[in-house]
Enquirer: 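Take this structure, written in structure tokens, and hold onto it; I'll ask about it next.
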There are 2 protein chains.
Amino acid sequence: MPTTIKTDYFTKDQELTAKFAKALGHPVRIAILELLNSQACCFHGDMAEELPIAKSTLSQHLNELKNVGLIQGDITPPSTKYCINRENFALAKRLIGNTLK
Amino acid sequence: MPTTIKTDYFTKDQELTAKFAKALGHPVRIAILELLNSQACCFHGDMAEELPIAKSTLSQHLNELKNVGLIQGDITPPSTKYCINRENFALAKRLIGNTLK
DNA sequence: TAAACTGTTCGCAAATATACGAATAGTTTG
DNA sequence: CAAACTATTCGTATATTTGCGAACAGTTTA
């Protein structure tokens with residue numbers, strides 16, 4: 001068997017593609033994005049009413065989407081407004097679409 | 001607070017979109033798909049040489065991709081040939097792309 | 001300042017995902 | 001038939017994800 005160097009195998013793009021895809025890998029998060037997409041922006045509370053999960057769980061999902069940059073949160077207590085990050089939306093679409101080409 | 005029915009909240013499309021995305025949510029599986037995409041088909045052994053994981057782990061990843069229908073395996077011992085399932089590739093691209101529109 | 005309102009964070013439990021090597025299962029070769 | 005070859009399955013360990021309710025943190029209102 002030939003020796004194969006396997007250090008740092010993955011490219012940044014591959015890592016990023018997987019990261020975006022992973023963030024999309026849950027129905028709740030798909031639903032969140034569709035909600036945000038259908039309206040300009042959305043408050044946490046509005047989504048909590050629609051989605052079949054506890055508020056704390058919703059916060060976690062929103063946080064995951066925020067961490068990969070697919071959405072952004074405008075925190076002005078007592079309420080928080082969430083919007084889609086169009087730039088990263090497009091990037092994610094391009095990366096994933098490229099993998100599925 | 002108005003009563004909201006939350007049973008069976010997610011649509012089939014939302015579930016399927018999440019499923020596809022989840023399958024894409026790991027760099028190894030992204031790399032696998034890119035390998036398969038760059039060549040017509042690929043043997044397990046060819047990929048095992050390229051990827052920084054054990055063969056058994058590779059089998060698991062291939063199995064996940066197969067389970068969601070993104071690839072298909074042609075098992076003719078002692079070797080197994082894997083190909084991309086173009087139909088579901090396109091479906092996944094359409095569903096995820098639609099979410100990110 | 002107390003109470004109300006909206007979200008987040010914490011602490012925990014259960015379920016999934018990831019990874020490896022050993023053992024196993026089909027073929028083909030000697 | 002034994003050995004070699006390729007790949008999967010098994011058993012196991014660890015890490016991550018998902019989910020909830022309780023507790024907490026900023027504002028605004030009474």
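Letters go in sequence order (proteins before strands), and every chain restarts at 1. Here the structure is a predicted model, which is why all the values come from computation and not from measurement.
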Enquirer: Using atom types as modelled and distance alone, determine if a side-chain donor or acceptor of Glu49(B) lies under 3.5 Å from a backbone N or O of Asp46(B).
Expert: no
Enquirer: Heavy-atom count around Lys81(B) NZ within 6.0 Å, excluding the residue itself: above 12?
Expert: no
Enquirer: From CD1 of Ile53(A) over to C1' of dC20(D), roughly how many Å is that when rounded to an integer?
Expert: 11 Å
Enquirer: Using the test side chain to side chain donor-acceptor pair (under 3.5 Å), find all partners of Asp13(B) that sit at least two apart in sequence or belong to another chain.
Expert: none
Enquirer: In this structure, are over 12 heavy atoms from other groups packed under 6.0 Å from Glu87(B) atom CD?
Expert: no
Enquirer: For the pair made of NE2 in His61(B) and P in dA17(C), what is the distance, rounded to whole Å?
Expert: 12 Å
Enquirer: Looking only at side-chain atoms of Ser59(A), point me to the closest of dG21(C), dA22(D), dG7(C).
Expert: dG7(C)
Enquirer: Does anything in residues 15-27 of chain B reach DNA chain C, meaning a heavy atom under 4.0 Å, and if so which residues?
Expert: Lys22(B), His26(B)
Enquirer: Whole Å only: how far is the CG atom of Leu51(A) from the P atom of dC20(D)?
Expert: 11 Å
Enquirer: Can you tell me the distance, in whole Å, between the CD atom of Glu49(B) and the C1' atom of dC5(D)?
Expert: 14 Å
Enquirer: Any side-chain to backbone donor/acceptor pair from Glu50(A) onto Met47(A)? Under 3.5 Å, distance only.
Expert: no
Enquirer: Using whole Å, what does the distance between atom P of nucleotide dG7(C) and atom CE of Met47(A) come to?
Expert: 8 Å
Enquirer: So which nucleotide from dT18(C), dG19(D), dA19(C) ends up closest to the side chain of Thr57(B)?
Expert: dA19(C)
Enquirer: May I ask you to verify if any side-chain N or O of Tyr82(B) is less than 4.0 angstrom from the OP1 or OP2 atom of dT6(D)?
Expert: no
Enquirer: Taking DNA chain C as the partner, which of residues 64-80 of chain B come within under 4.0 angstrom of it by heavy atom?
Expert: Glu64(B), Pro77(B), Pro78(B)
Enquirer: Does Asn88(A) use its side chain to pair, donor to acceptor, with the backbone of Gly69(A) at less than 3.5 Å?
Expert: yes
Enquirer: When the distance from NE2 of His44(B) to P of dT9(D) is rounded to whole Å, what number comes out?
Expert: 11 Å
Enquirer: Picking from Leu36(B), Asn37(B), Leu35(B), what satisfies side chain to side chain contact (heavy atoms under 4.5 Å, CB included) with Gln39(B)?
Expert: Leu35(B)
Enquirer: Calculate the interatomic distance between Gln60(A) atom CD and dC10(C) atom P; express it in whole Å.
Expert: 11 Å
Enquirer: Any chance you could lay out the disulfide bond (SG atoms under 2.5 Å apart) test for Cys41(B) and Cys83(B), step after step, and finish with the verdict?
Expert: CA-CA 5 Å; Cys41(B) 280; Cys83(B) 307; 2.0 Å; yes
Enquirer: Taking side chain as C-beta onward, heavy atoms only, is Leu33(B) less than 4.5 Å from Phe89(B)?
Expert: yes
Enquirer: Can you check the Lys55(A) NZ to dC10(C) C1' distance for me, whole Å?
Expert: 17 Å
